[in-house]
Amino acid sequence: MSALNSENCSFQYQLHQTHQLLDGNCLLFLIILGKILLNILTLGMKRKNTHQNFLEYFCISLAFADLLLLVNISIISYFRDFVLLGIRFTKYHICLFIQIVSFTYGFLHYPVFLIACIDYYLNFSKATKLPFKCQKVCYFFTVILIWISVLTYVLGDPAVYQSLKAQNVYSHQCPFYIGAQSYWLSFSMVTILFMGFITSWSEVITLVQAVRITSYMNETILYFPFSSHSSYTMNSKKILLPKLIICFLGTWLPFVLLQVIILLLKVQIPAYIEMNIPWLYFVNSFLIATIFWFNCHKLNLRDMALPVDPFVNWKCCFIPLILRNFEQIEKPITVIIC
């Protein structure tokens with residue numbers, strides 16, 4: 001009788017364990033599906049006439065990686081237990097794939113940020129003038145190389161191997177890697193934004209109070225009185241900083257507030273969710289603003305084409321215009337499209 005009770009309890013435990021795993025797999029499927037829909041929405045909302053850069057290519061590769069992960073999870077969840085090319089796949093491989101992807105995404109933030117900085121610096125300084133096709137090929141192979149390098153590092157790291165080995169022992173659990181790179185990047189950018197706002201808060205508030213909304217060239221724009229500068233070169237970092245802050249926060253303020261909440265509450269987000277396309281475009285806009293600020297003495301709009309941000313029109317931040325159609329406006333004004 002006791003043997004029957006023991007077998008019955010064991011069977012119920014395995015059944016409960018299987019239900020937990022299936023529920024977890026369904027939740028993973030919905031999370032990754034939501035992330036893919038967010039990727040599609042973000043790529044659809046961005047401006048189409050953007051210049052090619054490294055982050056654009058990496059965003060496309062990330063969307064493809066997320067889609068590939070969703071397909072793998074869907075296939076394994078549907079068949080549950082099958083053999084492909086001599087390798088047996090079970091439902092526990094879903095957790096294994098998610099863990100490998102989490103480690104890979106978690107280690108990508110610093111390399112991507114560094115390469116994007118170098119890319120914008122070279123493009124802005126015009127140190128290298130590669131043909132358009134050669135530039136596209138260079139970006140493509142750079143993205144492939146960074147994915148292969150990080151994946152190789154993850155699979156060869158002893159700490160990662162021990163974590164994956166522990167997952168095989170306790171297969172009913174599926175812990176996810178919480179990356180530190182995105183936390184420190186977010187902390188650094190929010191801190192720099194806060195310091196920039198504190199440094200020029202009076203100028204920012206003055207510009208915000210003077211802002212008006214109108215229509216210009218079939219676009220809704222923000223305009224405000226512009227100080228008397230006849231040159232197209234913004235050679236003062238102090239003058240440029242509040243305009244950059246208004247441009248940046250005009251588009252990314254909700255995302256900045258979200259980052260502040262995550263940092264204050266110390267929310268732990270799995271790495272496979274943290275690395276996403278909206279986050280990369282946020283970093284992209286921050287890098288463009290930083291490059292502009294450090295090179296404000298080179299911003300001559302008559303002679304150069306500024307990098308086109310997929311979400312923020314930085315060029316309108318610098319162009320002084322005289323719009324005769326506006327009533328009671330006699331001074332030149334700065335137009336900002338956010």
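These numbers were taken from a predicted model, which means no experiment stands behind them. Count residues from 1 along the sequence.
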Stepwise ring pair (Phe, Tyr, Trp, His ring centres under 6.0 Å) check, Phe107 with Tyr153 = CA-CA 9 Å; Phe107 288 123; Tyr153 172 79; 5.4 Å; yes
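Taken from CG in Leu244 to CZ in Phe286, the straight-line distance is 11.0 Å, to the nearest 0.5 Å. From Leu193, atom CG reaches atom CD1 of Ile198 across 11.5 Å, with rounding to the nearest 0.5 Å. Taking CG from Asn284 and CH2 from Trp252, the interatomic distance works out to 8.5 Å, rounded to the nearest 0.5 Å. With rounding to the nearest 0.5 Å, the separation of OH in Tyr57 from CD1 in Ile144 is 12.0 Å. In this structure, CD1 on Ile262 lies 11.0 Å from CG on Leu257, to the nearest 0.5 angstrom. Within the model, atoms OG of Ser74 and CG of Leu69 stand 9.0 Å from one another, a figure rounded to the nearest 0.5 Å.
Under a hydrophobic-cluster definition in which Ile, Leu, Val, Met, Phe, Trp and Tyr are linked whenever side-chain heavy atoms come within less than 4.5 Å, directly or via other members, Ile261 and Leu253 are assigned to the same cluster. Both Leu43 and Met45 belong to a single network of hydrophobic side chains, linked directly or stepwise wherever heavy atoms of I, L, V, M, F, W or Y lie under 4.5 Å apart. Hydrophobic clustering (side-chain heavy atoms under 4.5 Å, transitive across Ile, Leu, Val, Met, Phe, Trp, Tyr) groups Phe140 together with Ile148. The hydrophobic cluster containing Ile269 also contains Leu27, counting ILVMFWY residues as joined when their side-chain heavy atoms lie under 4.5 angstrom apart, directly or transitively. Leu263 and Val256 fall within the same hydrophobic cluster, where Ile, Leu, Val, Met, Phe, Trp and Tyr residues are linked whenever their side-chain heavy atoms come under 4.5 Å apart, directly or through other members.
Asn276 meets the side chain to side chain donor-acceptor pair (under 3.5 Å) test with no other residue; sequence neighbours excluded.
Here the side chain of Gln181 pairs a donor or acceptor atom with the backbone of His109 at under 3.5 angstrom.
Residue Leu241 comes nearest to Gly196 through the heavy atom pair CD2-O, 3.8 Å, listed as atom of the first residue, atom of the second, then distance. Taking both residues in full, the closest heavy atoms of Ile277 and Ala63 are given as CD1-CB, 3.9 Å, listed atom of the first, atom of the second, then distance. The nearest pair of heavy atoms linking Ser102 to Ala271 is O-CB, 3.1 Å. Across all their heavy atoms, Phe58 and Val143 have their closest contact at N-CG2, 3.9 Å.
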For residues 111-118, please give each side-chain donor-acceptor pair under 3.5 Å, one per line with the distance, not counting sequence neighbours.
none

Extract all donor-acceptor atom pairs below 3.5 Å that involve side chains of residues 30-41 and protein atoms in other chains or at least two apart in sequence.
unit_1: Lys35; atom_1: NZ; unit_2: Asp66; atom_2: OD1; d: 3.3
unit_1: Lys35; atom_1: NZ; unit_2: Asp66; atom_2: OD2; d: 3.4
unit_1: Lys35; atom_1: NZ; unit_2: Tyr272; atom_2: O; d: 2.5
unit_1: Lys35; atom_1: NZ; unit_2: Met275; atom_2: O; d: 2.7
unit_1: Asn39; atom_1: ND2; unit_2: Lys35; atom_2: O; d: 3.4
unit_1: Asn39; atom_1: ND2; unit_2: Asp66; atom_2: OD2; d: 3.0

Per-pair distances, 0.1 Å, donor-acceptor, side chain in residues 183-192, under 3.5 Å, sequence neighbours excluded:
unit_1: Ser186; atom_1: OG; unit_2: Gln259; atom_2: OE1; d: 2.6
unit_1: Ser188; atom_1: OG; unit_2: Trp184; atom_2: O; d: 2.7
unit_1: Thr191; atom_1: OG1; unit_2: Phe187; atom_2: O; d: 2.6

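Note on ring orientation: taking the six-membered ring where Trp is involved, the planes of Phe282 and Phe255 are tilted (angle from 30° to 60°).
Inter-residue side-chain proximity for Phe103 and Leu151 is flagged as unmet; no heavy-atom pair is nearer than 4.5 Å.
For residues 139-152, the set of pairs meeting the side chain to side chain donor-acceptor pair (under 3.5 Å) definition, not counting sequence neighbours, comprises Ser61-Trp147, Asp119-Tyr139, Asn123-Tyr139, Gln135-Tyr139. Pairs of residues two or more places apart, or lying in two chains, never qualify as salt bridge (Lys or Arg N to Asp or Glu O under 4.0 Å) while including a residue from residues 254-275.
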